[in-house]
Amino acid sequence: MKKWTLGSFVFTALFSLISLSSFASDVTSTFKVNGECGMCKKKIETALRVKGVSKVNWDKETHDLTVSYNPDKITLDEIHHRIATVGYDTDTVKATDAAYSKLDQCCQYDRTKI
């Protein structure tokens, strides 16, 4: 069995505190994102697999996107723009017509919903 020295205990405790503090600074926000299907869910959530975003979930029934992120690494505005870039309108940023037209037919939603 490995013996714990005071130094290794202090190092482990300090590392744990630093790791926890990075999660403590995350903010959670929920907003509307247009979409239609499971493929939309995958595209929307994949667009937010970036540094600074720790959790993301889009609900296809309610069109609510819940995202947890570190505002020191990414802003809420950047999150909205990343989603719009892949073709989906949010409640504050509209996707370009060019990005929307690249969506598969099943993903092309009613753009007047939000």
Query - Working for side chain to side chain contact (heavy atoms under 4.5 Å, CB included), residues Lys32 and Asp64 - result: CA-CA 5 Å; Lys32 297 289 186 187; Asp64 286 337; 2.8 Å; yes

Query raised in the report: Looking only at heavy atoms, which two atoms of Ser25 and Pro71 are closest? And how far apart?
Result: O-CD, 3.5 Å

Query - Sub-4.5 Å side-chain heavy-atom contact between Val86 and Tyr88 - result: yes

Query - Side-chain heavy atoms of Lys60 within contact of Cys40, under 4.5 Å - result: no

Query raised in the report: ring pair (Phe, Tyr, Trp, His ring centres under 6.0 Å): which pairs involve residues 39-61, sequence neighbours left out?
Result: Trp58-His63

Query raised in the report: Sub-3.5 Å donor-acceptor pair from the side chain of Arg111 to the main-chain atoms of Ala95, do we have one?
Result: yes

Requested in this report: Answer yes if Val93 and Tyr100 sit in the same cluster of Ile, Leu, Val, Met, Phe, Trp and Tyr residues linked by side chain heavy atoms under 4.5 Å apart, and no otherwise.
Outcome: no

Query - Residue pair Ile44 / Asn34: nearest heavy atoms and the distance that separates them - result: CD1-O, 4.0 Å

Requested in this report: Using the salt bridge (charged side-chain N to carboxylate O under 4.0 Å, His left out) rule, take Arg82 and Asp77 through it: C-alpha gap first, then chi angles, then the decisive distance, then the call.
Outcome: CA-CA 9 Å; Arg82 288 192 66 82; Asp77 190 51; over 6 Å; no

Query - Test side chain to side chain contact (heavy atoms under 4.5 Å, CB included) applied to Glu36 and Cys106, step by step - result: CA-CA 7 Å; Glu36 290 296 320; Cys106 65; over 6 Å; no

Report task. Please test Thr28 against Ser68 for side chain to side chain donor-acceptor pair (under 3.5 Å), starting from the C-alpha separation and ending with a verdict. Result -> CA-CA 4 Å; Thr28 300; Ser68 297; 2.8 Å; yes

**Report entry** Separation between OG1 of Thr90 and NE2 of His81, rounded to the nearest 0.5 Å
**Finding:** 8.0 Å

Query raised in the report: side chain to side chain donor-acceptor pair (under 3.5 Å) with Lys41: which residues, sequence neighbours excluded?
Result: Glu45, Asn57

Report summary line: Here the pair of heavy atoms bringing Asp59 nearest to Glu61 is OD1-N, 2.8 Å

Query raised in the report: What heavy-atom pair brings Tyr109 and Asp89 nearest, and what distance separates the two atoms?
Result: OH-N, 2.9 Å

Query raised in the report: Where is the tightest heavy-atom contact between Lys43 and Asp104, given as atom of each residue plus distance?
Result: NZ-OD2, 3.4 Å

**Report entry** Flag, side chain of Gln108 to backbone of Gln105, donor-acceptor distance under 3.5 Å
**Finding:** no

Query raised in the report: Can you find a side-chain donor-acceptor pair between Thr66 and Thr30 that sits under 3.5 Å?
Result: yes

Query raised in the report: What about Ile74 and Val27, same hydrophobic cluster or not, with Ile/Leu/Val/Met/Phe/Trp/Tyr joined at side-chain heavy-atom distances under 4.5 Å?
Result: yes

Query raised in the report: Hey, quick one: are Met39 and Val56 part of the same hydrophobic cluster, counting side-chain heavy atoms closer than 4.5 Å, chains of contacts allowed?
Result: no

Query raised in the report: How far does CD of Glu78 sit from CG of Leu48, to the nearest 0.5 angstrom?
Result: 11.5 Å

Requested in this report: Sequence neighbours left out, what passes side chain to side chain donor-acceptor pair (under 3.5 Å) with Ser29? Give chain and number order.
Outcome: none

Query raised in the report: So, do Tyr69 and Ile79 sit near enough that their side-chain heavy atoms are less than 4.5 Å apart?
Result: yes

Report summary line: So NZ of Lys73 and CG of Asp26: to nearest 0.5 Å the spacing works out to 8.5 Å

Report summary line: When every non-hydrogen atom of Phe31 is compared with those of Val33, the smallest separation belongs to CE1-CG2, 3.6 Å

